[in-house]
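Letters A, B, ... are given to chains in the order of the sequence lines, protein chains preceding strands, and every chain is numbered from 1.
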Amino acid sequence: MKTKITGHDLKALGFTQGKWMKEAITYINGNKLEGEEMKTYLEQFKSPDPIGLHTTAVDFSINIKAENEEEKYNVDKVINSMQTLMKTPTLVGGAIMPDACPAGPDGTIPVGGVAVAKNAIHPGMHSADICCSVMLTDFGKADPKDILDAAHANTHFGPGGRDRDSQFRFPKALLEAFESNYFLKDGNMLQIARSHLGTQGDGNHFLFVGTSKKTGNTMMVTHHGSRGPGARLYTKGMKIAERFRKELSPDTKKQNAWIPFETEEGQSYWDALQIIRAWTKTNHEVLHNSVAETLELEIENRYWNEHNFVFKHGNLFYHAKGATPMDAKFMPDITGPRLIPLNMSEPVLIVEGNTTKTNLGFAPHGAGRNVSRTQHRKSKTGSTMQIFKEETLGLDIRFFSKEIDITELPSAYKNAKAVRQQMDEFNLGEVIDEVMPYGCIMAGDWQKNAPWKVRREKKKQNRK
DNA sequence: ATGTCC
(Lines give C-alpha, C1' and ligand atoms only; values in the text may rest on other atoms or scores of the structure.)
Protein backbone atom coordinates (compact mmCIF):
# COMPACT_ATOMS: atom_id res chain seq x y z
CA MET A 1 0.00 0.00 0.00
CA LYS A 2 1.40 3.42 -0.99
CA THR A 3 1.80 6.21 1.62
CA LYS A 4 0.66 9.77 0.98
CA ILE A 5 2.86 12.14 -1.01
CA THR A 6 4.31 15.07 1.00
CA GLY A 7 6.09 18.31 0.17
CA HIS A 8 9.31 16.57 1.15
CA ASP A 9 8.78 14.00 -1.63
CA LEU A 10 8.23 16.73 -4.21
CA LYS A 11 11.40 18.54 -3.15
CA ALA A 12 13.26 15.22 -3.42
CA LEU A 13 12.03 15.09 -7.03
CA GLY A 14 13.73 18.44 -7.62
CA PHE A 15 10.80 20.85 -7.29
CA THR A 16 11.10 24.25 -5.63
CA GLN A 17 9.07 25.11 -2.56
CA GLY A 18 6.16 27.40 -3.29
CA LYS A 19 2.49 28.23 -2.80
CA TRP A 20 1.57 25.74 -5.54
CA MET A 21 2.67 22.75 -3.44
CA LYS A 22 -0.27 22.62 -1.07
CA GLU A 23 -2.80 22.38 -3.85
CA ALA A 24 -0.69 19.92 -5.83
CA ILE A 25 -0.29 17.57 -2.84
CA THR A 26 -4.04 17.57 -2.22
CA TYR A 27 -4.66 16.83 -5.89
CA ILE A 28 -2.11 14.02 -6.09
CA ASN A 29 -3.32 12.32 -2.92
CA GLY A 30 -7.01 12.91 -3.67
CA ASN A 31 -6.68 11.30 -7.10
CA LYS A 32 -4.14 8.70 -5.94
CA LEU A 33 -1.70 9.71 -8.68
CA GLU A 34 1.59 7.85 -8.85
CA GLY A 35 4.43 6.95 -11.18
CA GLU A 36 4.20 8.33 -14.72
CA GLU A 37 0.74 9.75 -14.08
CA MET A 38 2.02 11.90 -11.22
CA LYS A 39 5.06 13.00 -13.22
CA THR A 40 2.84 14.15 -16.08
CA TYR A 41 0.66 16.13 -13.67
CA LEU A 42 3.74 17.76 -12.07
CA GLU A 43 5.17 18.92 -15.44
CA GLN A 44 3.31 22.24 -15.09
CA PHE A 45 5.14 23.09 -11.85
CA LYS A 46 8.67 22.55 -13.18
CA SER A 47 10.91 25.63 -13.00
CA PRO A 48 11.99 26.76 -16.45
CA ASP A 49 15.55 25.89 -17.42
CA PRO A 50 17.94 28.59 -16.25
CA ILE A 51 18.79 31.13 -18.92
CA GLY A 52 22.55 31.11 -19.42
CA LEU A 53 24.80 34.03 -20.34
CA HIS A 54 25.65 34.76 -23.98
CA THR A 55 28.81 32.76 -24.66
CA THR A 56 30.33 35.73 -26.46
CA ALA A 57 29.61 39.36 -25.63
CA VAL A 58 27.09 41.04 -27.96
CA ASP A 59 28.77 43.73 -30.08
CA PHE A 60 28.55 47.31 -28.85
CA SER A 61 29.75 50.54 -30.42
CA ILE A 62 32.55 52.55 -28.91
CA ASN A 63 32.06 56.30 -29.38
CA ILE A 64 34.99 57.33 -27.23
CA LYS A 65 38.72 57.92 -27.62
CA ALA A 66 41.28 58.36 -24.83
CA GLU A 67 43.22 61.63 -25.06
CA ASN A 68 45.92 60.77 -22.51
CA GLU A 69 47.20 58.00 -20.21
CA GLU A 70 44.75 58.74 -17.41
CA GLU A 71 41.86 58.58 -19.84
CA LYS A 72 43.24 55.42 -21.43
CA TYR A 73 43.03 53.67 -18.06
CA ASN A 74 39.40 54.79 -17.71
CA VAL A 75 38.43 53.88 -21.27
CA ASP A 76 39.98 50.39 -20.94
CA LYS A 77 38.07 49.83 -17.74
CA VAL A 78 34.82 50.97 -19.35
CA ILE A 79 35.32 48.68 -22.37
CA ASN A 80 36.17 45.68 -20.19
CA SER A 81 33.11 46.24 -18.07
CA MET A 82 30.93 46.55 -21.20
CA GLN A 83 32.32 43.26 -22.51
CA THR A 84 31.17 41.50 -19.34
CA LEU A 85 27.86 43.37 -19.34
CA MET A 86 27.08 42.40 -22.93
CA LYS A 87 26.95 38.72 -21.96
CA THR A 88 23.72 39.38 -20.05
CA PRO A 89 21.19 37.10 -21.77
CA THR A 90 18.53 39.75 -22.48
CA LEU A 91 20.89 42.18 -24.21
CA VAL A 92 20.94 42.64 -27.99
CA GLY A 93 22.94 45.87 -28.36
CA GLY A 94 24.92 48.56 -26.59
CA ALA A 95 27.03 51.69 -26.92
CA ILE A 96 29.32 53.93 -24.93
CA MET A 97 29.57 57.72 -25.20
CA PRO A 98 32.59 60.08 -25.11
CA ASP A 99 31.89 60.92 -21.46
CA ALA A 100 31.86 57.28 -20.30
CA CYS A 101 33.23 56.58 -16.82
CA PRO A 102 33.53 53.25 -15.01
CA ALA A 103 30.99 52.58 -12.25
CA GLY A 104 30.72 49.67 -9.83
CA PRO A 105 32.22 46.19 -10.14
CA ASP A 106 33.16 44.68 -13.54
CA GLY A 107 30.08 44.04 -15.67
CA THR A 108 28.22 47.09 -14.37
CA ILE A 109 26.97 49.46 -17.08
CA PRO A 110 29.27 52.51 -17.05
CA VAL A 111 28.02 56.06 -16.74
CA GLY A 112 27.75 57.12 -20.39
CA GLY A 113 26.50 53.67 -21.40
CA VAL A 114 23.51 52.40 -23.36
CA ALA A 115 22.23 48.80 -23.14
CA VAL A 116 19.39 47.46 -25.29
CA ALA A 117 17.35 44.57 -23.85
CA LYS A 118 14.58 42.50 -25.36
CA ASN A 119 11.38 42.42 -23.29
CA ALA A 120 13.23 43.16 -20.05
CA ILE A 121 13.70 46.06 -17.68
CA HIS A 122 17.00 46.12 -15.82
CA PRO A 123 16.76 48.56 -12.88
CA GLY A 124 20.56 48.45 -12.52
CA MET A 125 21.01 49.76 -16.06
CA HIS A 126 18.94 52.95 -15.84
CA SER A 127 20.89 54.20 -12.82
CA ALA A 128 19.78 54.70 -9.23
CA ASP A 129 18.78 58.29 -9.98
CA ILE A 130 15.85 57.42 -12.23
CA CYS A 131 15.09 60.14 -14.74
CA CYS A 132 17.99 62.42 -13.86
CA SER A 133 17.27 65.20 -16.33
CA VAL A 134 17.83 68.76 -17.54
CA MET A 135 15.23 71.48 -18.15
CA LEU A 136 15.65 74.88 -19.82
CA THR A 137 13.46 77.96 -19.62
CA ASP A 138 14.02 80.94 -21.91
CA PHE A 139 13.26 84.13 -19.94
CA GLY A 140 13.74 86.52 -22.85
CA LYS A 141 15.71 89.65 -22.04
CA ALA A 142 15.60 89.21 -18.25
CA ASP A 143 18.73 90.15 -16.27
CA PRO A 144 20.72 86.96 -15.52
CA LYS A 145 21.54 88.19 -12.00
CA ASP A 146 17.83 88.67 -11.22
CA ILE A 147 17.13 85.12 -12.39
CA LEU A 148 19.98 83.66 -10.35
CA ASP A 149 18.98 85.63 -7.22
CA ALA A 150 15.32 84.61 -7.49
CA ALA A 151 16.26 81.00 -8.16
CA HIS A 152 18.70 81.03 -5.23
CA ALA A 153 15.91 82.19 -2.93
CA ASN A 154 13.41 79.64 -4.25
CA THR A 155 15.37 76.43 -4.79
CA HIS A 156 16.54 73.82 -2.31
CA PHE A 157 19.80 71.85 -2.35
CA GLY A 158 21.18 69.30 0.06
CA PRO A 159 19.73 66.23 1.75
CA GLY A 160 16.10 65.69 2.65
CA GLY A 161 13.04 67.66 1.64
CA ARG A 162 11.29 70.93 2.35
CA ASP A 163 9.69 72.03 5.59
CA ARG A 164 5.94 71.88 5.59
CA ASP A 165 5.56 75.65 5.17
CA SER A 166 7.80 75.85 2.09
CA GLN A 167 6.41 72.88 0.16
CA PHE A 168 4.99 73.22 -3.34
CA ARG A 169 1.42 72.12 -3.97
CA PHE A 170 1.38 68.42 -4.88
CA PRO A 171 -0.66 68.02 -8.11
CA LYS A 172 -3.76 65.84 -7.79
CA ALA A 173 -2.92 63.88 -10.94
CA LEU A 174 0.42 62.86 -9.41
CA LEU A 175 -1.24 61.88 -6.14
CA GLU A 176 -3.69 59.65 -7.99
CA ALA A 177 -0.93 58.14 -10.09
CA PHE A 178 1.17 57.31 -7.01
CA GLU A 179 -1.84 55.78 -5.26
CA SER A 180 -2.62 53.62 -8.30
CA ASN A 181 0.78 51.91 -8.46
CA TYR A 182 1.99 48.88 -6.55
CA PHE A 183 5.52 50.29 -6.17
CA LEU A 184 4.52 53.84 -5.24
CA LYS A 185 1.39 53.69 -3.15
CA ASP A 186 2.75 53.36 0.37
CA GLY A 187 2.31 56.32 2.70
CA ASN A 188 5.98 56.94 3.35
CA MET A 189 6.68 57.15 -0.38
CA LEU A 190 3.93 59.75 -0.77
CA GLN A 191 5.21 61.80 2.13
CA ILE A 192 8.69 61.91 0.57
CA ALA A 193 7.25 62.69 -2.86
CA ARG A 194 5.47 65.72 -1.35
CA SER A 195 8.39 67.08 0.66
CA HIS A 196 11.02 66.48 -2.06
CA LEU A 197 9.07 68.35 -4.74
CA GLY A 198 11.10 71.43 -5.70
CA THR A 199 14.42 70.08 -4.39
CA GLN A 200 17.63 69.38 -6.28
CA GLY A 201 19.70 67.17 -3.96
CA ASP A 202 23.49 67.26 -4.17
CA GLY A 203 26.45 65.90 -6.15
CA ASN A 204 26.64 67.11 -9.73
CA HIS A 205 23.14 68.62 -9.75
CA PHE A 206 22.95 72.33 -10.50
CA LEU A 207 20.93 75.42 -11.35
CA PHE A 208 22.65 77.28 -14.18
CA VAL A 209 21.91 80.70 -15.67
CA GLY A 210 23.35 81.98 -18.92
CA THR A 211 22.64 83.68 -22.20
CA SER A 212 21.90 82.20 -25.59
CA LYS A 213 24.75 82.57 -28.07
CA LYS A 214 22.17 82.90 -30.84
CA THR A 215 19.55 85.26 -29.37
CA GLY A 216 21.19 86.77 -26.28
CA ASN A 217 18.15 85.68 -24.26
CA THR A 218 18.56 84.72 -20.62
CA MET A 219 18.10 81.03 -19.97
CA MET A 220 17.90 78.97 -16.80
CA VAL A 221 18.87 75.28 -16.82
CA THR A 222 18.25 72.90 -13.92
CA HIS A 223 19.82 69.47 -13.52
CA HIS A 224 18.49 66.95 -11.01
CA GLY A 225 16.59 63.69 -10.80
CA SER A 226 13.82 61.95 -8.94
CA ARG A 227 15.31 62.41 -5.44
CA GLY A 228 13.85 60.26 -2.66
CA PRO A 229 10.89 58.79 -4.56
CA GLY A 230 13.08 57.59 -7.44
CA ALA A 231 15.74 56.20 -5.11
CA ARG A 232 13.08 54.17 -3.31
CA LEU A 233 11.59 52.86 -6.53
CA TYR A 234 15.08 51.83 -7.65
CA THR A 235 15.66 49.87 -4.44
CA LYS A 236 12.30 48.13 -4.75
CA GLY A 237 12.91 47.38 -8.42
CA MET A 238 16.31 45.84 -7.70
CA LYS A 239 14.74 43.56 -5.07
CA ILE A 240 12.05 42.29 -7.45
CA ALA A 241 14.63 41.85 -10.21
CA GLU A 242 16.82 39.83 -7.86
CA ARG A 243 13.90 37.48 -7.17
CA PHE A 244 13.53 36.89 -10.92
CA ARG A 245 17.28 36.49 -11.37
CA LYS A 246 17.50 33.65 -8.86
CA GLU A 247 14.64 31.86 -10.57
CA LEU A 248 15.40 32.61 -14.22
CA SER A 249 19.11 33.21 -14.63
CA PRO A 250 21.37 32.66 -11.60
CA ASP A 251 24.47 33.11 -13.79
CA THR A 252 23.50 36.72 -14.54
CA LYS A 253 25.34 39.21 -12.38
CA LYS A 254 23.33 40.63 -9.52
CA GLN A 255 23.63 44.21 -10.80
CA ASN A 256 22.24 43.08 -14.17
CA ALA A 257 19.11 41.36 -12.85
CA TRP A 258 15.94 42.11 -14.78
CA ILE A 259 12.17 42.21 -14.45
CA PRO A 260 10.50 40.51 -17.44
CA PHE A 261 8.26 43.11 -19.08
CA GLU A 262 5.45 40.60 -19.74
CA THR A 263 4.70 39.98 -16.05
CA GLU A 264 2.51 41.75 -13.52
CA GLU A 265 5.65 43.08 -11.83
CA GLY A 266 7.07 44.21 -15.19
CA GLN A 267 3.94 46.16 -16.09
CA SER A 268 3.75 47.80 -12.66
CA TYR A 269 7.44 48.71 -12.71
CA TRP A 270 7.10 50.20 -16.18
CA ASP A 271 4.12 52.27 -15.03
CA ALA A 272 6.03 53.33 -11.90
CA LEU A 273 8.91 54.56 -14.07
CA GLN A 274 6.51 56.74 -16.08
CA ILE A 275 4.98 58.17 -12.90
CA ILE A 276 8.41 58.95 -11.45
CA ARG A 277 9.25 60.61 -14.77
CA ALA A 278 6.14 62.81 -14.46
CA TRP A 279 7.08 63.64 -10.86
CA THR A 280 10.61 64.59 -11.92
CA LYS A 281 9.36 66.82 -14.73
CA THR A 282 7.15 68.58 -12.15
CA ASN A 283 10.18 68.81 -9.86
CA HIS A 284 11.89 70.96 -12.53
CA GLU A 285 8.76 72.89 -13.47
CA VAL A 286 7.85 74.12 -9.98
CA LEU A 287 11.31 75.71 -9.67
CA HIS A 288 11.24 77.32 -13.12
CA ASN A 289 7.67 78.55 -12.58
CA SER A 290 8.51 79.95 -9.15
CA VAL A 291 11.23 82.13 -10.71
CA ALA A 292 8.81 83.38 -13.36
CA GLU A 293 6.24 84.16 -10.65
CA THR A 294 8.70 85.91 -8.33
CA LEU A 295 9.92 88.19 -11.14
CA GLU A 296 6.58 88.35 -12.99
CA LEU A 297 8.22 87.17 -16.19
CA GLU A 298 6.82 85.58 -19.32
CA ILE A 299 8.26 82.19 -20.26
CA GLU A 300 9.32 82.34 -23.91
CA ASN A 301 10.30 78.72 -24.34
CA ARG A 302 10.89 75.58 -22.35
CA TYR A 303 12.16 72.07 -23.03
CA TRP A 304 13.73 69.20 -21.18
CA ASN A 305 15.15 65.72 -21.50
CA GLU A 306 16.15 62.95 -19.18
CA HIS A 307 19.51 61.18 -19.48
CA ASN A 308 18.98 58.31 -17.02
CA PHE A 309 15.99 56.27 -18.11
CA VAL A 310 14.59 53.31 -20.05
CA PHE A 311 13.09 54.01 -23.45
CA LYS A 312 10.76 51.49 -25.06
CA HIS A 313 10.63 50.98 -28.79
CA GLY A 314 8.65 47.91 -29.84
CA ASN A 315 9.83 45.13 -27.57
CA LEU A 316 13.26 46.68 -27.11
CA PHE A 317 14.14 48.53 -23.92
CA TYR A 318 16.94 51.06 -24.35
CA HIS A 319 18.58 51.59 -20.96
CA ALA A 320 20.51 54.85 -20.77
CA LYS A 321 22.72 55.55 -17.77
CA GLY A 322 24.10 58.96 -18.50
CA ALA A 323 23.26 59.18 -22.21
CA THR A 324 21.05 61.75 -23.93
CA PRO A 325 18.23 60.33 -26.08
CA MET A 326 18.35 62.07 -29.47
CA ASP A 327 15.90 60.07 -31.58
CA ALA A 328 12.29 61.34 -31.28
CA LYS A 329 11.05 57.75 -31.19
CA PHE A 330 12.12 57.54 -27.56
CA MET A 331 10.10 60.49 -26.30
CA PRO A 332 6.62 61.04 -27.66
CA ASP A 333 6.04 64.10 -25.41
CA ILE A 334 9.35 65.85 -25.99
CA THR A 335 9.35 68.40 -28.76
CA GLY A 336 12.36 70.64 -28.18
CA PRO A 337 16.04 70.02 -28.82
CA ARG A 338 18.15 68.28 -26.17
CA LEU A 339 20.44 69.73 -23.50
CA ILE A 340 24.01 68.63 -22.79
CA PRO A 341 25.77 70.45 -19.94
CA LEU A 342 29.58 70.32 -19.65
CA ASN A 343 30.81 72.06 -16.49
CA MET A 344 30.05 75.29 -14.59
CA SER A 345 32.48 77.34 -16.68
CA GLU A 346 31.37 76.00 -20.05
CA PRO A 347 28.19 76.54 -22.05
CA VAL A 348 25.21 74.19 -21.87
CA LEU A 349 24.87 72.78 -25.38
CA ILE A 350 21.51 72.78 -27.17
CA VAL A 351 21.63 69.82 -29.52
CA GLU A 352 19.66 68.05 -32.21
CA GLY A 353 20.36 64.70 -33.80
CA ASN A 354 19.18 61.33 -34.92
CA THR A 355 19.98 57.64 -35.01
CA THR A 356 23.05 56.40 -36.84
CA LYS A 357 24.39 52.85 -36.99
CA THR A 358 26.77 53.53 -34.14
CA ASN A 359 25.05 55.97 -31.78
CA LEU A 360 21.83 53.91 -31.30
CA GLY A 361 19.96 57.26 -31.12
CA PHE A 362 21.97 58.70 -28.20
CA ALA A 363 24.53 61.40 -27.42
CA PRO A 364 26.69 62.07 -24.33
CA HIS A 365 25.02 63.58 -21.27
CA GLY A 366 27.84 65.85 -20.18
CA ALA A 367 31.56 66.10 -19.82
CA GLY A 368 32.08 63.09 -17.55
CA ARG A 369 34.64 62.78 -14.79
CA ASN A 370 38.35 62.54 -15.37
CA VAL A 371 39.03 60.78 -12.09
CA SER A 372 37.00 59.83 -9.02
CA ARG A 373 35.93 62.53 -6.57
CA THR A 374 38.37 61.28 -3.93
CA GLN A 375 41.25 61.16 -6.41
CA HIS A 376 40.47 64.69 -7.62
CA ARG A 377 40.26 66.02 -4.05
CA LYS A 378 43.67 64.53 -3.26
CA SER A 379 45.26 65.99 -6.40
CA LYS A 380 44.22 69.54 -5.40
CA THR A 381 46.67 70.55 -2.71
CA GLY A 382 46.54 74.36 -2.82
CA SER A 383 44.10 76.73 -1.13
CA THR A 384 40.53 75.73 -1.98
CA MET A 385 39.48 79.39 -2.27
CA GLN A 386 42.38 80.13 -4.64
CA ILE A 387 41.58 77.12 -6.86
CA PHE A 388 37.89 78.08 -6.87
CA LYS A 389 38.70 81.66 -7.92
CA GLU A 390 41.02 80.58 -10.71
CA GLU A 391 38.64 78.04 -12.18
CA THR A 392 35.51 80.21 -12.11
CA LEU A 393 36.93 83.63 -13.00
CA GLY A 394 34.21 86.10 -14.03
CA LEU A 395 31.32 83.83 -13.10
CA ASP A 396 28.78 84.06 -10.29
CA ILE A 397 29.17 80.61 -8.72
CA ARG A 398 27.29 79.90 -5.50
CA PHE A 399 27.24 76.90 -3.21
CA PHE A 400 23.92 76.47 -1.43
CA SER A 401 25.57 75.13 1.73
CA LYS A 402 28.12 77.99 1.56
CA GLU A 403 30.98 75.47 1.45
CA ILE A 404 32.93 75.04 -1.81
CA ASP A 405 32.73 71.55 -3.32
CA ILE A 406 36.12 71.27 -5.00
CA THR A 407 35.06 68.03 -6.77
CA GLU A 408 32.53 69.95 -8.85
CA LEU A 409 34.95 72.55 -10.19
CA PRO A 410 35.78 72.39 -13.91
CA SER A 411 39.10 70.59 -13.29
CA ALA A 412 37.16 67.57 -11.98
CA TYR A 413 35.65 67.09 -15.42
CA LYS A 414 36.95 65.92 -18.74
CA ASN A 415 38.12 68.52 -21.17
CA ALA A 416 34.96 70.05 -22.62
CA LYS A 417 36.60 70.70 -26.02
CA ALA A 418 37.58 67.05 -26.32
CA VAL A 419 34.03 65.88 -25.55
CA ARG A 420 32.64 68.26 -28.18
CA GLN A 421 35.24 67.18 -30.70
CA GLN A 422 34.31 63.54 -30.13
CA MET A 423 30.61 64.39 -30.50
CA ASP A 424 31.50 65.60 -34.00
CA GLU A 425 33.81 62.70 -34.75
CA PHE A 426 31.28 60.00 -33.74
CA ASN A 427 28.21 61.79 -35.10
CA LEU A 428 26.52 62.36 -31.73
CA GLY A 429 24.26 65.31 -32.40
CA GLU A 430 24.68 68.79 -33.81
CA VAL A 431 25.02 71.85 -31.57
CA ILE A 432 22.37 74.40 -32.61
CA ASP A 433 22.87 76.90 -29.78
CA GLU A 434 24.87 77.35 -26.59
CA VAL A 435 23.88 78.84 -23.24
CA MET A 436 26.96 80.90 -22.33
CA PRO A 437 27.58 80.75 -18.57
CA TYR A 438 26.67 83.65 -16.29
CA GLY A 439 26.60 81.71 -13.03
CA CYS A 440 25.28 78.70 -11.21
CA ILE A 441 24.25 77.20 -7.89
CA MET A 442 25.30 73.79 -6.63
CA ALA A 443 24.76 72.02 -3.29
CA GLY A 444 28.35 72.53 -2.13
CA ASP A 445 30.10 70.42 0.46
CA TRP A 446 27.19 70.22 2.92
CA GLN A 447 28.83 67.35 4.78
CA LYS A 448 31.87 69.46 5.65
CA ASN A 449 30.48 70.45 9.03
CA ALA A 450 28.50 67.25 9.63
CA PRO A 451 28.87 66.01 13.24
CA TRP A 452 30.76 62.84 12.28
CA LYS A 453 33.27 64.82 10.21
CA VAL A 454 33.83 67.44 12.92
CA ARG A 455 34.46 64.64 15.42
CA ARG A 456 36.97 62.98 13.07
CA GLU A 457 38.77 66.31 12.53
CA LYS A 458 39.03 66.87 16.30
CA LYS A 459 40.59 63.43 16.76
CA LYS A 460 43.16 64.25 14.08
CA GLN A 461 44.01 67.53 15.80
CA ASN A 462 44.43 65.80 19.16
CA ARG A 463 46.87 63.30 17.70
CA LYS A 464 49.14 66.05 16.35
C1' DA B 1 21.05 58.07 -6.16
C1' DT B 2 18.98 58.14 -1.05
C1' DG B 3 15.62 60.69 5.61
C1' DT B 4 22.58 56.33 3.04
C1' DC B 5 17.53 50.53 6.89
C1' DC B 6 10.61 49.71 6.59
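Put simply, CG on A:Asp202 is 13 Å from C1' on B:dG3, counting in whole angstrom units. Following rounding to the nearest Å, A:Trp446 (CH2) and B:dG3 (C1') show an atom-to-atom distance of 10 Å. Separating the CG atom of A:Asp186 from the P atom of B:dG3 is a distance of 15 Å, rounded to the nearest angstrom. Going from atom CE of A:Met238 over to atom P of B:dT4 covers 19 Å, rounded to whole Å. Here the C1' atom of nucleotide B:dC6 and the CD1 atom of A:Ile192 are 10 Å apart, to the nearest Å. Across the protein-nucleic acid pair, A:His223 atom NE2 and B:dA1 atom P stand 9 Å apart, rounded to whole Å. Look at CZ on A:Phe206: it is 14 Å from P on B:dA1, rounded to the nearest Å. Rounding to whole angstrom units, CG of residue A:Asn188 and C1' of B:dT4 are separated by 15 Å.
Taken from CZ in A:Phe178 to CD1 in A:Ile276, the straight-line distance is 4.0 Å, to the nearest 0.5 Å.
The residue among A:Arg232 and A:Asp129 whose nearest nucleotide of DNA chain B is located toward the 5' end is A:Asp129.
The side chain of A:Arg227 contributes an N or O atom lying less than 4.0 Å from OP1 or OP2 of B:dT2. Phosphate contact (OP1/OP2 of B:dG3, side-chain N/O of A:His196, threshold under 4.0 Å): present.
Within 4.0 Å of A:Gly225, counting heavy atoms only, lies no atom of the nucleic acid at all. Residue A:Ile130 is classed as having no contact, given no heavy-atom separation below 4.0 Å to the nucleic acid. Note on A:Gln447: nothing from the nucleic acid sits closer than 4.0 angstrom, heavy atoms only. Nucleic acid contact for A:Asn308: none, since no nucleic acid atom lies under 4.0 Å from a heavy atom of the residue.
A donor-acceptor contact closer than 3.5 angstrom is absent between the side chains of A:Ser268 and A:Asp271.
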Problem set entry | Trace of the ring-ring contact (aromatic ring centres under 6.0 Å, His included) decision for A:Tyr182 with A:Tyr269 | CA-CA 8 Å; A:Tyr182 166 78; A:Tyr269 190 70; over 10 Å; no

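Taking the centre and axis of the six-membered ring of A:Phe168, the NZ or CZ atom of A:Arg162 falls outside the cone set by 45° and 6.0 Å.
Aromatic ring centres of A:Phe317 and A:Phe311: separated by at least 6.0 Å.
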